[in-house]
Visitor: 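Below is the structure I would like to discuss, written out as structure tokens.
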Amino acid sequence: YDHVAPRLTGTKEGTFAYLTVRDRWPKIVTGLVDQLARKRNELIDRYGNAVESDIQGIMGKFAQLRYEIMCDKPLKIFSENGFDGPKWRQLVTDMKTAAMPDDMELLTYFKGPWLFVECYLYRFIYSAFLCTEKLSDMDYFEDSKQKNFMDHLPQVEEAASFINKIIASDAPAHDMFAVGTMFRMSLWGNRADMSLTGGDDHTMEMTSVVASAKLNDFILIDDTYNLMMRVLGPLLKNERKRQDRRIDIVLDNAGVELTGDLILALFLLRRGFTDKVVLHGKAIPWFVSDVTEKDFRWTIDSLKETGPEGERLMEHLKNCVLEEKIVFEADWFWTSPHPYFVMEEEAPELYAELQTSSLVIFKGDLNYRKLVGDRDWDLNTSFEKACRGFSPCPYFALRTLKAETVAGLSEETIDKILEKFEEDNQWMTSGEYAVLQLGNA
Ligand code: F6P
Ligand code: MG
């Protein structure tokens, strides 16, 4: 792995990273301030007048944060301990000193590594709430996550009806059509996340069932067949050891995306590819729309809102949760800024756990950025090289492209896409194009 591509930063004008730091981050922070102002009376009713000083404290910190982002100030070290405060203090201190990569100038909002600074931003936001007396466990992104689900009720009902039919049918497990449809449904849910719009409405008009059939021209890499041949097929035939029959899904967004992931989990269980699915979510509110344990439970309970098919799906899922066939976990590592190739060193227990899995499915853009280290790889760099030896078990990345990093495109695909977009990189950031990419198999 001797040649490592440069890290993405917010320094190059016109890039999406630059626009993210200049526009999207201040907008997300402003959105939170507006929300607190809107909810002030509701919060006073619930917590009493004492909450006023909490609200003022957070607003003051956020006004300062916006200023520091816009003026490209250095990142500060936060003082609270939280569940991971000491780790973060160490990371920021190290980055400011010895561990600062040679190709970086300073640990500021624009000049620091994009991935590191973006994770820091969400951890800083959490810190502001954590330091308060009354609002320390508030999920300040909850409203937009729940709204995303409620805005997609017809789509969810259709997806529920689809999986309910599959569960009832006796089609063979290796039926590639069903396997392909399920993975693509889960993939296209990733188009509907809210971090791109800073939490504004972002409704996916098309249902994920329709998307799974219609959007194939937007898939740049599709390794589903290889996944079937090398991983899922052998699992069905029990060619892997009994205790290996576990599949992990590293979740991304709540709302319509999570519904697709729960459906995928149920499918993998019911068709006999695995005995257990472990879902990995976030321990704290993260990147606007990412799933926490509360979102996971709320989503399953809310499926009944969509109609009879959703209600039936809810029952199936509740049984799986009760029997511990579907399990939710939230390791610290998923809200750290680390790329995945350092997981073995930084989170050895999590790594050892994934080594017992037959397959890890990574959902979404952020997970992909962490797999490939958020670097500006040449488009034809192999996925294996970009992942730099990360190999606890086979993994499958389902991601719509929202950041200027991708690896493993074929020459033919590169020619086609560059012919269509020439110098314009918007295909890498619009969330329209996607990959289903297999690693370490
Ligand atoms: O630039 C892309 C971005 O909005 C980043 O903030 C983040 O990496 C990502 O997209 C969020 O997308 P996803 O929810 O798919 O990880
Ligand atoms: Mg997300």
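Atoms within each ligand, like the ligands themselves, are counted from 1 in listed order.
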Visitor: For ligand 1, which part of Leu366 has a heavy atom less than 4.0 Å away: the side chain, the backbone, both, or neither?
Guide: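 Both backbone and side chain of Leu366 come within 4.0 Å of ligand 1.
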Visitor: Return yes or no for this condition: an N or O of Asn253 is under 3.5 Å from an N or O of ligand 1.
Guide: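 There is such a contact, yes.
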Visitor: Among the heavy atoms of Arg399, does any lie under 4.0 Å from an atom of ligand 1?
Guide: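 No, that is not the case, since the closest heavy atom of the residue is not under 4.0 Å from the ligand.
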Visitor: Hey, does Phe328 have a side-chain heavy atom less than 4.5 Å from the side chain of Thr292?
Guide: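 No, their side chains stay 4.5 Å or more apart.
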Visitor: What atoms in ligand 1 come closer than 4.0 Å to a heavy atom of Asn190?
Guide: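 Those qualifying, in numeric order: 15 (O).
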Visitor: Of all N, O or S atoms in Asp252, which has the smallest distance to the Mg ion (ligand 2)?
Guide: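 Looking at Asp252, the N, O or S atom with the least distance to the Mg ion (ligand 2) is OD1.
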Visitor: So, regarding Thr20 and ligand 1 (criterion: nitrogen or oxygen to nitrogen or oxygen, under 3.5 Å), is there a contact or not?
Guide: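 No, no N or O pair falls under 3.5 Å.
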Visitor: Which atoms of ligand 1 are found less than 4.0 Å from any heavy atom of Gly364?
Guide: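 Here the atoms of ligand 1 in question are 15 (O).
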Visitor: Are Arg22 and Glu13 ion-paired here, with the side-chain N under 4.0 Å from a carboxylate O?
Guide: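 No.
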Visitor: Flag the pair Tyr126 / Trp286 as yes when their ring centroid distance falls below 6.0 Å, and as no otherwise.
Guide: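 No: the rings miss the under 6.0 Å criterion.
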Visitor: Look at ligand 1 and say whether Trp114 reaches it with a heavy atom at a distance under 4.0 Å.
Guide: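 Yes, that is the case, since the closest heavy atom of the residue is under 4.0 Å from the ligand.
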Visitor: May I ask you to decide if the ring planes of His338 and Phe333 are parallel, tilted or perpendicular, using 30° and 60° as cut-offs?
Guide: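 Rings of His338 and Phe333: parallel, under 30°.
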Visitor: Is any side-chain N of the basic residue among Asp374 and Arg7 closer than 4.0 Å to the acidic one's carboxylate O?
Guide: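 Between Arg7 and Asp374 there is no salt bridge, as every charged N stays at least 4.0 Å from the carboxylate O atoms.
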Visitor: Under 4.0 Å from a heavy atom of Phe16: which atoms of ligand 1 are those, numbered in the order shown and with their elements?
Guide: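 Close to Phe16: 1 (O), 2 (C).
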Visitor: Report yes or no: does Asn253 have an N/O/S atom closer than 2.8 Å to the Mg ion (ligand 2)?
Guide: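 Yes, Asn253 qualifies, because one of its backbone or side-chain N, O or S atoms lies under 2.8 Å.
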Visitor: Give a yes or no on whether Asp290 keeps an N, O or S atom under 2.8 Å from the Mg ion (ligand 2).
Guide: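 Given the 2.8 Å cut-off, Asp290 counts as a ligand of the Mg ion (ligand 2).
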Visitor: Do Asp295 and Lys282 meet the salt-bridge criterion of a basic N to acidic O distance under 4.0 Å?
Guide: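 Salt bridge absent between Lys282 and Asp295.
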Visitor: Out of Lys363, Arg191, Lys402, indicate the one that has the non-hydrogen atom closest to atom 15 (O) of ligand 1.
Guide: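 Of the listed residues, Lys402 has the closest heavy atom.
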Visitor: Are Asp261 and Lys363 close enough for a salt bridge, meaning some N to O gap below 4.0 Å?
Guide: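 Answer for the salt bridge query: yes.
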Visitor: Mind checking whether Phe362 and Tyr368 have ring centres under 6.0 Å apart?
Guide: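 No, the ring centres sit 6.0 Å or more apart.
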Visitor: Record the part of Asp252 in heavy-atom contact with ligand 1 below 4.0 Å; permitted values are side chain, backbone, both and neither.
Guide: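 Side chain only; the backbone of Asp252 stays clear of ligand 1.
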Visitor: Is Glu257 salt-bridged to Lys145, going by a charged N under 4.0 Å from an acidic O?
Guide: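 No, Glu257 and Lys145 are not salt-bridged.
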